[in-house]
Amino acid sequence: MNKNQQLFQLPELLPAPELLKLMQMLREAQRIVITAHHGPDGDAVGSTLAWAAYLRHLGKDATVALPSWHPDFLRWMPGNKDIIIYRDKPEEVKALLKSADLVCCLDFNDLSRLNAMAEVVEQCKAPRLLIDHHSGGKLEQFSLLVSHPEMSSTCELVLRLLYQLGAYDDMTRSTAACLYTGIMTDTGNFAYSSSDPVLYLCVSLLMRKHVDKESIYKKVYHNWSRGKFTLWNDVLSDCLSFHANGHASIFTLTRQMMKSHKFMRGDAEGLVNEPLKIRGMKVSIALREDTDEDVVRVSIRSTGGFHCREMAERFFNGGGHDDAAGGKLPFPIEEAVVTAAKAIEAYAEELKSIS
Ligand code: 5GP
Ligand code: MN
């Protein structure tokens, strides 16, 4: 094979010894629970459904059990009806975990991101397989690691894993659609975290399965309720403040605001990216009152080299990636605004120097 032909080959993901360990782990398991972080997004749902389809194809008894519901705009995904939600059916999930001989943890790397479901997973005696693309985390909590922070998404990782496991030929169009969805949502439709040429080989492999990417785009992004539309409008015009000479912004989303716009799960997803459209804006912080717990959820997004994860760890009890991170604050939203303003202040010089 010459050099140009090699460029069109998907490079192997795992070295042989790791692949063998993974295969042995799968061989020894029969009843498998697959889970992802609370508030699951397109990558979490897409990767768990695709991994479940593969395991079922191997003859395993595989179930996707997620800590909380995913947004409505992801409910069309093939396999959605078989997902069990811990918040709705805790006893069912507990029973599944009790008899499981493997737990696959996808798209997160710290059990605390399972929220209320963390405790039952911690108590479960089965080995834990991690398949994830976040950096940091608590990797000692897992028995086997397939951890690749350089990847766009867990869906890209799962696709490359399935390819290496020889499962591509049998992959269905439905599974390919799940994987495409996660890659699309985690890269903001190929706007960020998507410069590796190999990612486009992955997309090409999915397109060969006749994934209808236009239809997926519409189902995920052009599927707004009127309430969501007016909520975004009102938050951005009434609840946004500018800091650090216009290099940073904070907005708040209160329960009251959600109520008056008939808020549905997922309606605020992506809103934190909007201020980054302003010229010179380098970091956007969203503070959202949680609908269940008495905490304020923090989301941080950046462009142009500001490290969100460090800010999340230092000020917001959280973590994440360089360009997208989050956390939570255990006090009222007015105080959360003060903390966020202080966080920005601590980075004011750095924000000025980023070009
Ligand atoms: P989001 O703003 O979409 O909720 O989260 C963005 C990213 O920040 C997530 O993919 C995750 O990596 C990270 N993140 C969000 N919330 C938390 C948290 O409470 N703890 C940690 N460690 N990471 C978080
Ligand atoms: Mn992800």
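Index from 1, following the sequence. Indexing begins at 1, ligand by ligand and atom by atom, following the structure's order.
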Honestly, for H37 the part within reach of ligand 1 (heavy atoms, under 4.0 Å) is neither
Within a distance under 4.0 Å of any heavy atom of A324, pick out the atoms of ligand 1 and give their elements. 7 (C), 8 (O)
Which residue from G137, G319, G327 reaches closest to atom 13 (C) of ligand 1 through any of its heavy atoms? G319
Validate the cation-pi geometry between K60 and Y54: distance from NZ or CZ to the six-membered ring centre under 6.0 Å, angle to the ring axis within 45°. no
Who gets closest to atom 1 (P) of ligand 1 by heavy atom: E269, R301, E313? R301
Atom name of the N, O or S atom in D186 that lies nearest to the Mn ion (ligand 2): OD2
Does D43 put an N, O or S atom under 2.8 Å from the Mn ion (ligand 2)? yes
Looking at H133, the N/O/S atom that lies nearest to the Mn ion (ligand 2) is called NE2
Is it true that the NZ or CZ of R208 lies under 6.0 Å from the centre of Y168's six-membered ring and within 45 degrees of the ring axis? no
Could you identify the single nearest non-hydrogen protein atom to atom 20 (N) of ligand 1 and state the distance to 0.1 Å? G318 CA, 3.6 Å
Between Y347 and R314, does any side-chain donor sit less than 3.5 Å from a side-chain acceptor? yes
Can R113 be said to touch ligand 1, with heavy atoms closer than 4.0 Å? yes
Under-4.0 Å heavy-atom contact with ligand 1, by part of R297 that carries it: neither
Residues D294 and R255 bridged, charged N to O under 4.0 Å: yes
Distance-only donor-acceptor check, side chains H261 and D267, under 3.5 Å: no
Can a non-hydrogen atom of R309 be found less than 4.0 Å from any atom of ligand 1? no
To which protein heavy atom is atom 15 (C) of ligand 1 closest, and what is the distance rounded to 0.1 Å? G326 CA, 3.4 Å
Note: E91-K94 ion pair, threshold 4.0 Å (strictly below): yes
Hey, are E349 and K352 close enough for a salt bridge, meaning a charged N less than 4.0 Å from a carboxylate O? yes
Hey, mind stepping through D290 and K328 against salt bridge (Lys or Arg N to Asp or Glu O under 4.0 Å) and telling me if it holds? CA-CA 9 Å; D290 197 278; K328 56 185 168 187; over 6 Å; no
Best match, A286, S299, A325, G136: closest heavy atom to atom 4 (O) of ligand 1: S299
Are K138 and D110 ion-paired here, with the side-chain N under 4.0 Å from a carboxylate O? yes
At less than 2.8 Å, would any N/O/S atom of D107, backbone or side chain, sit next to the Mn ion (ligand 2)? yes
Test side chain to side chain donor-acceptor pair (under 3.5 Å), reference Q24, set R27, E28, K21, output is E28
Taking both backbone and side chain into account, is any N, O or S atom of C155 nearer than 2.8 Å to the Mn ion (ligand 2)? no
Tell me: protein heavy atom nearest atom 10 (O) of ligand 1, and distance? H134 NE2, 3.3 Å
